[in-house]
Amino acid sequence: MTAKIRTRFAPSPTGYLHIGGARTALFSWLFARHNGGEFVLRIEDTDQQRSTDESTKAILDAMSWMGLNWDEGPHFQAQRVDLHRQMVQKLLEEGKAYICTCTPEELEIKRKEALATGKKPKYDGACREKGLKKSPGSVVRFRGTDTGVTVVEDLIKGNIVFNNEELDDLIIERGDGYPTYNFAVVIDDAMMNISHVIRGDDHVNNTPRQILMYQALGFEVPKFAHVPMILGSDKTRLSKRHGATSVMAYKEMGYLPEALVNYLVRLSWSHGDQEIFSQKELIEFFSLDAVGKSPAVFNPDKLLWLNAHYIKEASPARLAEEMKPLWPAGADGSDESFIRKIIVDLQPRAKTLVELAQASEFYFAVEISYEAEAAQKFLTPEVAAHLKSIAAAIPGIEDYSKAGLEAFLKNFIEANGIKFKTIAQPLRVALTGKTVSPGIDEVMVTLGKDRVAQRINAAVDYIAKQH
RNA sequence: GGUCCCAUCGUCUAGUGGUUAGGACGCUGGCCUCUCACGCCGGAAACCGGGGUUCAAACCCCCGUGGGACUACCA
C-alpha cells in the first residue's frame, strides 16, 4: 500500500494572498481532493522581520473565500525552530554542515567581484574546512558535493538534471539562530509527511539542494510538481502594475469565488475544450498530467466573462446574500421579494456584483433623477398624454405580471394608433431616469403598481414644468 | 555572466507523425429586439526561425532566437 497523498500550501505571511499563490494553492488542494488525500496549511513565518499576523489572517480569509479548506493546520513554521535547530545540530555532528563566519559584507564584495570578472557568484567555501565553532553572528552552512548530479523528477516538467558543482553551500541557520527557508521547508515537509510538493516553478532551482538535504537527513524525498508562473500582460511576473493581484481585491470588486477559481484553474491546466467547471468536476477531473509547462498570462477580460457567467447562473437567493453589503447607500434591503426581482432583472446584465449594485440604484430611488439628455429627448409634450393615461390605467390592471403588462401595453398602443417605440423610451426614462435598463415590462413588474404610477405621473409633471 | 525552465491565433488552450490545426476570452458582421445586456448564427486571427529524422512533422532530435525563473543570513 502506498502512503497517503498529502499536499500542502506554505505561504509566507508577508502580504495578502496573491493570485499566483492562490492558483498554486488551488492545484495543491485539487490534487489532494482528487486523490482522497489531505491538504495541509503551513505558514512560513521564519522571516521575523516581514511576517505579520495580519497577513496570516488575510491569507486564511482568502483561502476560505475561495473554498480551499485545509485538513490540517495552519502550522506555524516559527513555532518549529527547536526542531529545525535539532536537525542543524545533527548535520553539524555528522559533518554534513559547518559553521561559517563570513560576514554578509564580505560575501557581497566577493559576489560583485565574481560577477565583474565573469565568474560564478557562488559561495567560495572559505570556511568549509576550517572546523569553526559557533560564535555570535556565525551561520551554519550545508556541505554540498562537488561531484555527481542531482536529478529532480518533476511531475510537470519531467526530469531536470543539475550538476552538483553548481550548487552552493547554502546557509541553513542564520546568524540570528533561525533556520532559512530552504532548510525549514525540507524539515517541515518531511516531518509532516508531505507526499507531493506542489509549488511555483520559481522554486525549481532550489529543489536539487533540497533533495540533497533530504538525503543528508535520511528522509524520503517527496514527489515534486512545479507549476508554471502567472505572468502579466507584458509577460513579466504578475505584479500590481498589471492591476489587482490580491485575491480579496477581486472579492471587493464584486467577483464570485467560483469565477476566480474557474479562471485560475484554467491557467496552465485544461480538460479538453471545457471552460466551465463546477467544484465537483474540478475535483473529479484534476490531474497533474494535464498541467502544462509554460507560463500563462493573466487575462482580466476572461475572468470578467466567467464572473458574468456565474452571476447569471447563481440563484437569486444566493445573490441576495452576496449583495447585502453592496446595495446603494440608503437602499432598503428589507423587502425580500422586491430585492429578488431586482436581482433577476439585473442578473443577465451585470458582470460584477458591484456593477449590479450600481445598476440597481433607480429601483430604490424615492425620486427619479433624469439623465439630462434622456429627459430632453424622450420626456416631451408629445408623449405626455400617453404617459398620463398609462399612469391612470395602472391601478386597474388585473394581471400585473410580465405577460399581463405586455398585453396591456399592446392593447394601449393599438387603441392609440401608435408604435410601441413611441412610448418605450419615454416610459423607460420616466421609470429609470435612463435610456438603458432592463425591459420595460420587467421593470414595471419589479417596481410594482404604486411606484410605477407615481413615477410616470412625476414624469408628466416634469414635462409640464419644462415646457 | 552562470544555472534552469518555457515556446500553437492578441490572450487561455486542444492537439502526442497523416486534422480544412479545434474550443474559449477579446475583436468583428448579422439575427433577435422597447434600450442595454443575454442568447443564436457567421468572420478575421496561430504552429518563433533554421537544420535534421521520416514516405509524411505543430508533434521527435539539434542549433539559433525570444521570453521567464533562480543566482540573499526572503520565502
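Treat the numbers as computed from the prediction; the structure is a model and nothing was measured. Letters A, B, ... are given to chains in the order of the sequence lines, protein chains preceding strands, and every chain is numbered from 1.
Side chain of Ser294(A), nearest nucleotide from G22(B), C4(B), A7(B): A7(B). Taking only side-chain atoms of Ser268(A), from C-beta outward, the nucleotide of C6(B), U3(B), U13(B) with the closest atom is U13(B). With A69(B), C12(B), C34(B) as the candidates, the nucleotide lying closest to the side chain of Arg266(A) is C12(B). The side chain of Lys312(A) lies closest to C38(B) when the candidates are C34(B), C38(B), A69(B). Residue Val436(A) places its side chain closer to U35(B) than to any other of U35(B), G23(B), C73(B). Residue Asn205(A) places its side chain closer to C4(B) than to any other of C25(B), C34(B), C4(B). Side-chain proximity of Pro348(A) to C38(B), U3(B), C34(B): nearest is C38(B). Distance from the side chain of Trp305(A) is smallest to A24(B) among C38(B), C34(B), A24(B). Between A75(B), U13(B), C6(B), one nucleotide has an atom nearer to the side chain of Pro295(A) than all others, and that is C6(B). Of the candidates C5(B), C12(B), C34(B), C12(B) carries the atom nearest the Lys302(A) side chain, counting heavy atoms from C-beta on.
For RNA chain B, the neighbouring residues in residues 135-146 of chain A, judged by any heavy atom under 4.0 Å, are Gly137(A), Val139(A).
Along RNA chain B, the nucleotide nearest to Arg111(A) and the one nearest to Pro121(A) differ in position, and the one closer to the 5' end is contacted by Pro121(A). Looking at which nucleotide of RNA chain B each of Arg349(A) and Val204(A) is closest to, the 5′-most match is held by Val204(A).
Under the Watson-Crick and G-U wobble criteria, each requiring two contacts below 3.5 Å, nucleotide C32(B) is left unpaired. Across all strands shown, U16(B) remains unpaired; no Watson-Crick or G-U wobble contact has both distances below 3.5 Å. Shown here, G26(B) forms no base pair; nothing in the strands shown gives a Watson-Crick or G-U wobble contact with both key distances under 3.5 Å. Pairing for U53(B) is absent, judged as Watson-Crick or G-U wobble with the two contacts each under 3.5 Å. With a cut-off of 3.5 Å on both Watson-Crick or G-U wobble distances, the partner of G66(B) is given as C6(B).
Note on Asp202(A) versus Arg237(A): salt bridge recorded, some NZ/NE/NH1/NH2 to OD/OE distance being below 4.0 Å.
For Glu54(A), the CD atom sits in a loose shell: 12 or fewer heavy atoms of surrounding residues, nucleotides or ligands are nearer than 6.0 Å.
Separating the P atom of G39(B) from that of C6(B) is a span of 38 Å, rounded to the nearest Å. A7(B) and C48(B) have their P atoms separated by 10 Å, given to the nearest Å. G23(B) sits 29 Å from U33(B) when the C1' atoms are compared, rounded to a whole Å.
In this structure, Thr236(A) reaches the sugar-phosphate backbone alone: every heavy-atom distance under 4.0 Å involves primed, P, OP1 or OP2 atoms, never a base. Within 4.0 Å (heavy atoms only), Phe162(A) reaches sugar-phosphate atoms of the nucleic acid but no base atom. Within the nucleic acid shown, Ser437(A) comes within 4.0 Å of at least one base atom, counting heavy atoms only. Among the heavy atoms of the strands lying under 4.0 Å from Asp441(A) is at least one base atom, whether or not backbone atoms are also near. Pro438(A) comes within 4.0 angstrom of a base, heavy atoms only.
The base of G2(B) has none of its N or O atoms less than 3.5 Å from a complementary donor or acceptor on the side chain of Glu166(A). Between the side chain of Asn206(A) and the base of C70(B), no donor-acceptor pair of N or O atoms lies under 3.5 Å.
Centroid-to-centroid, the aromatic rings of His196(A) and Phe31(A) come within less than 6.0 Å. Taking the six-membered ring for Trp, Phe27(A) and Phe286(A) have ring centres closer than 6.0 Å.
Just one residue in the list Val185(A), Val197(A), Thr150(A), Val152(A) forms a side-chain contact (heavy atoms from CB on, under 4.5 Å) with Gln210(A), and that residue is Val185(A).
Geometrically, Arg141(A) engages Tyr123(A) in a cation-pi contact defined by less than 6.0 Å to the ring centre and at most 45° from the axis. A cation-pi arrangement is absent between Arg318(A) and Tyr310(A), since the terminal nitrogen or guanidinium carbon is not both under 6.0 Å from the aromatic centre and inside a 45° cone about the axis.
For the OP1/OP2 pair of A75(B) and a distance below 4.0 Å, the side-chain nitrogens and oxygens of Thr46(A) include at least one atom meeting the criterion. Side-chain nitrogen and oxygen atoms of Lys235(A) include at least one within less than 4.0 Å of the OP1 or OP2 phosphate oxygen of U11(B).
Side chains of Tyr98(A) and Asp169(A): a donor on one and an acceptor on the other come within 3.5 Å. Inspection of the Arg241(A) and Thr236(A) side chains reveals an N or O donor paired with an N or O acceptor under 3.5 Å.
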